[in-house]
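I have placed the structure first, in the form of C-alpha cells, so that the comments after it can refer back to it.
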Amino acid sequence: MLETLTDDDPLAKPAQFSRGVGPNRAKLLEKLGIETVGDLIVHLPRDVLDLTDVRAVHELVEKETQSILGTVVDRDSRITSTGKTMTAVLFQADTGFIRGVWFNQPYMLAKFQDGQRVVLSGKPKFRDRRWEFSHPHVQWLGDDDDERGGGILPKYGLTEGLRQHELRRIIRNAVEDAVEFVTDTWPDAIRDRLKVPSLAEALRLLHMPRTMDEYQLGRRRVLLSEILEFQIGMALRQRYWRKSHISRPIEVSAKVDARIRRLFPFQLTAGQSETIREVAADLARNSAMHRLLQADVGAGKTAIAVYGMLAAIAAGGQAVLLAPTEVLARQHWQTIDDLLAESRVERRLLVGDQLAFERREILEGLASGRVQLAVGTQALIQDQVRFANLQFAVIDEQHKFGVRQRASFSTTEGFSPHVLVMTATPIPRSLCLTQFGDLSLSTIKELPPGRAKVITARIRGPGARRKMWNHIRQQLAAGRQVYIVCPRVGETPDDDDVPINESDDTATAESVYATLSKGELRDYRVGLVHGRLPRELKQQAMDDFRDGETQVLVSTTVIEVGVDVANASIMVIQQAERFGLSQLHQLRGRIGRGRHVGYCFALSEAETPEAAKRLNAFESISDGFQLAEVDLEIRGAGDVLGVRQSGNLPFQHADPARDKDLFEEAHAEAQQLVDRGDIDEPDYAMLKVGVLERFGALMELPHTG
Ligand code: ADP
Ligand code: MG
C-alpha cells in the first residue's frame with residue numbers, strides 16, 4: 001500500500017527507532033510482521049471501541065441509543081412462561097446496576113464472565129426498578145483498555161508481551177511523526193468521484209478517529225485502495241484478453257435469429273432474451289467474447305448455449321459445449337440432439353468411453369470441419385483435439401471458482417472462439433467481481449413461467465418425522481415420486497473439491513435404503529443409486545425411476561447434476577446439516593419441475609447455531625442469488641471459496657463478505673478508468689505501476705497493461 005521511495009524515507013526507518021519502541025519492543029513488533037515505521041502505520045485496527053457516548057446510569061433516557069460501561073456481576077439463563085430462553089446479565093455501572101437481556105440466544109451466557117468489563121449500546125427501558133438493555137450491542141473491554149480517556153479507541157492485533165495500550169501509543173506516535181510522508185498514487189479525480197480523503201489523511205482518521213464517521217471514512221479509503229487496484233488489474237486483464245483474442249465477427253441476421261428461436265418449444269423469458277442480446281452483441285465484435293452467465297437452477301441456460309452455438313454454425317463456424325461430467329454431457333446431448341432433430345447440423349457426442357474408431361472419426365470430423373457441433377466432457381479440449389474453425393465454446397457448470405484453470409482453446413489461423421461460461425450456482429456478487437472481474441457478466445434472475453412452487457421444511461424430532469412420512473405416503477398414493485438424498489460421510493459443507501470417495505456415501509445410502517424399504521416405505525417400490533454402482537446399473541436405476549418403475553429413489557448426491565423427472569415432486573434430504581447452502585439449493589432444483597407442488601424436507605437433528613442459520617435460510621429463501629449472499633454472510637469468503645481457491649483473494653484488509661458495496665463501487669470505477677483510457681494517462685501512471693507491481697504476476701498481465 002505504501003510506496004517507499006528512498007532509504008532515507010521516514011517510512012523506511014526501522015521500527016526500532018520510532019518513538020517509544022526500542023530494541024525489545026522491536027522484536028515483538030517483528031512477530032506482527034512490523035519492521036519499519038511504514039509497517040506500523042499500515043498495521044490497521046481490527047475494530048474500534050466506541051466510548052464517545054458512555055453515560056452514567058442517572059443520565060439514561062428511554063428510546064434513544066446510548067452506551068454504558070459496566071462490570072459483569074451476575075448472569076443466568078431460564079425458560080420463560082412462553083417457552084423462550086431468556087439470558088440475563090447483571091452489570092454494575094458507575095452509580096447503580098443495569099441489566100442486559102437476550103431471548104433465544106442461550107449461547108450469550110457463556111460470553112460473559114464475572115468481573116468482565118463491557119460497553120453496552122442500545123435503547124434502554126426502565127423495568128422493575130432497573131434500566132434494561134434488550135439485545136444490546138456489546139463491546140468487550142480488554143484488561144488494559146484504558147477507558148478513562150473516552151473517545152474512540154482502535155483495537156489492534158497483538159502478540160504476547162505487547163499490550164493493547166502500548167501498541168496504541170506506539171502506532172499513534174508513528175502516525176503523528178510520519179503519516180504525512182505517505183504518498184497517494186490516486187489522482188484527485190478518483191478521490192473526488194469516490195468521495196474519499198488522501199491516503200495519509202485516511203490512515204490518520206483510521207488510527208485516531210474523533211468520531212465513528214471519521215473512522216468509517218478512513219477505513220473506506222484504505223479498503224478502496226486495495227479493492228480498486230485489484231479491480232483495475234481485472235479490467236486491464238479483460239482489455240488484454242480482448243486485444244489478444246481476435247475472433248471472426250458473427251452477425252446474427254434476423255433470418256438466422258428467427259430460425260433458431262423457432263427450435264425452442266417455448267417463448268424465451270425476458271432474462272433469456274436479454275442475455276441473448278448481450279451474447280449477440282459480443283459476437284458482432286472482432287474480439288472474442290468472454291462472458292459468464294449466472295442463473296438459478298432451471299432458469300434455462302441451455303437455450304442460451306444453443307443459440308450461441310447455432311449462430312456460430314450459421315456463420316460457417318464450429319461450436320462445442322463442454323460439461324464437467326459425462327452424465328451432464330449426455331443429458332445436454334439428448335436435449336440438443338432432440339432440438340436439432342429436423343436439422344442438418346452435423347453433430348457428435350464425445351465422451352471418455354467411446355470406442356477408438358468412433359473417437360477417431362469424431363476427431364477427424366472436427367479437424368476437417370465436417371462435424372459442426374460437438375458436445376462432450378473436458379476430453380474435448382485435450383491436446384489432440386483440433387478444430388477446423390471453432391467459433392463458439394460453451395463451458396457449462398464449471399467449478400464455480402476455477403478462474404485460473406479456465407479452458408484454453410487452440411486457435412484457428414489466429415482466431416479465437418467466443419467463450420461462454422455458465423454457472424449453475426449463483427455466486428455472491430462481490431465474490432463474482434473478484435473471481436470473475438475480467439469477464440462480462442450476464443444474469444438471468446427469473447425462472448420460466450408455470451413452475452410449481454416448492455415448499456421447504458426443516459424436519460427435526462420423531463414427531464415431525466412421523467408426520468412427514470405420512471404426508472409422503474399420501475403423495476405416493478396420489479402418484480407422485482420421491483427422492484431421498486444421503487450425504488457423504490464426513491462431508492463438509494460445499495466441499496466440492498474433495499474427490500468423491502464413493503465408498504463413503506455408499507454406506508449411508510445403502511443403510512437408508514435398507515431401513516426405509518423395510519420400514520416407512522415397505523409398501524412402495526424403492527430404488528437405489530450411488531456412485532459405486534457400475535455405469536449400466538446406475539443408468540438402469542435412473543431409467544427405472546424416470547419410467548415410474550420405482551416410486552422412490554434413494555441416492556447419494558449423484559442426482560445433484562443430472563436427472564430431470566417431472567413427476568418427482570418430493571425430496572427428503574438426510575442429515576441436511578452436512579450440505580452447504582448452495583448444494584441444498586441445487587438439490588431442491590430437482591423437484592418442482594412439473595405441475596405438482598414440490599416438497600423439500602431437510603432432515604436434521606443438528607444443534608449448532610451455524611446449522612440452524614443455514615437451514616433456516618434454506619427454509620425461508622427460495623431465490624438462489626439471495627441464498628448465495630446469505631451463505632457468504634454465514635461462512636465468510638474464505639469458506640465459500642474453499643481452501644484451495646481462497647488464495648485467489650489477494651486482500652490484506654478487504655473482505656468480500658463484509659465490504660460488498662465497496663467491491664461494487666470499485667468495480668464500476670475501474671471499468672470506467674480502463675474503458676475511457678484514463679488509466680493510460682500520465683496522471684495515472686503511478687497508480688498503474690502499483691497495480692502491475694502488485695497484481696501483474698497473479699493476473700498474468702503484460703508489463704504495459
Ligand atoms: P438450467 O439453467 O438449469 O441449465 P435448463 O436449460 O436445463 O436450465 O432448463 C430447464 C428446463 O426449463 C428445461 O426443461 C427447459 O426446456 C425449460 N425451459 C427453458 N427455458 C424455458 C422457457 N423460456 N419457457 C419454458 N420452459 C423453459
Ligand atoms: Mg443446465
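Starting from 1, each residue takes its place in the sequence as its number. The shown structure was predicted, so the numbers you read here are calculated from the model rather than taken from an experiment. Both counts, for ligands and for their atoms, begin at 1 and track the order of listing.
- Every atom of ligand 1 with a heavy atom of T269 under 4.0 Å away is listed here by number and element: 23 (N).
- In this structure a side-chain-to-backbone donor-acceptor pair under 3.5 Å is missing from Q391 to I313.
- A distance-only check finds no donor-acceptor pair linking the side chain of E629 to the backbone of Q626 [under 3.5 Å].
- A donor-acceptor pair under 3.5 Å links the side-chain atoms of D623 to the main chain of F625, judged by distance alone.
- Of the residues listed (R588, H585, E619), the one engaging T456 in a side-chain hydrogen bond (donor to acceptor under 3.5 Å, both in side chains) is R588, and it is the only one.
- Taking atom 9 (O) of ligand 1 as the reference point, the nearest protein heavy-atom neighbour is G300 CA, 3.6 Å.
- For atom 17 (C) of ligand 1, the nearest protein heavy atom lies under 4.0 Å away.
- Those atoms of ligand 1 with a heavy atom of A299 less than 4.0 angstrom away are 2 (O), 8 (O).
- By the criterion of a heavy-atom distance under 4.0 Å, the backbone of Q267, and not its side chain, is placed next to ligand 1.
- Ligand 1 places these atoms under 4.0 Å from at least one heavy atom of T302: 4 (O), 5 (P), 6 (O), 7 (O).
- A donor-acceptor pair is defined here as one N or O able to donate and one able to accept, closer than 3.5 Å; such a pair exists between the side chain of S430 and the backbone of P656.
- For F230 and F663, the ring centers sit 6.0 Å or farther from each other.
- For ligand 1 and V297, the ligand atoms under 4.0 Å from any heavy atom of the residue are 3 (O).
- Taking a cut-off of under 4.0 Å to the non-hydrogen atoms of L268, the atoms of ligand 1 that pass are 23 (N).
- In this structure a side-chain-to-backbone donor-acceptor pair under 3.5 Å is present from T269 to Q272.
- At a threshold of 4.0 Å, the pair E610-K613 does not count as salt-bridged, since none of the basic side-chain nitrogens sits closer than that to a carboxylate oxygen.
- Among all protein heavy atoms, the one lying closest to atom 3 (O) of ligand 1 is G298 N, 2.6 Å.
- Among protein heavy atoms, atom 14 (O) of ligand 1 sits closest to D564 OD2, 4.2 Å.
- Looking only at heavy atoms of the protein, atom 20 (N) of ligand 1 is closest to Q272 NE2, 3.0 Å.
- Near R451, meaning under 4.0 Å from one of its heavy atoms, ligand 1 places the atoms 10 (C), 11 (C), 12 (O), 17 (C).
- Between R370 and E361, at least one side-chain nitrogen of the basic residue sits less than 4.0 Å from a carboxylate oxygen of the acidic one, meeting the salt-bridge criterion.
- Among all non-hydrogen protein atoms, the one lying nearest atom 19 (C) of ligand 1 is F266 CZ, 3.5 Å.
- Not close to ligand 1: A295, with no non-hydrogen atom less than 4.0 angstrom away.
- The protein heavy-atom contact nearest to atom 1 (P) of ligand 1 is K301 NZ, 3.5 Å.
- In this view, W333 satisfies the ring pair (Phe, Tyr, Trp, His ring centres under 6.0 Å) rule with no residue, not counting sequence neighbours.
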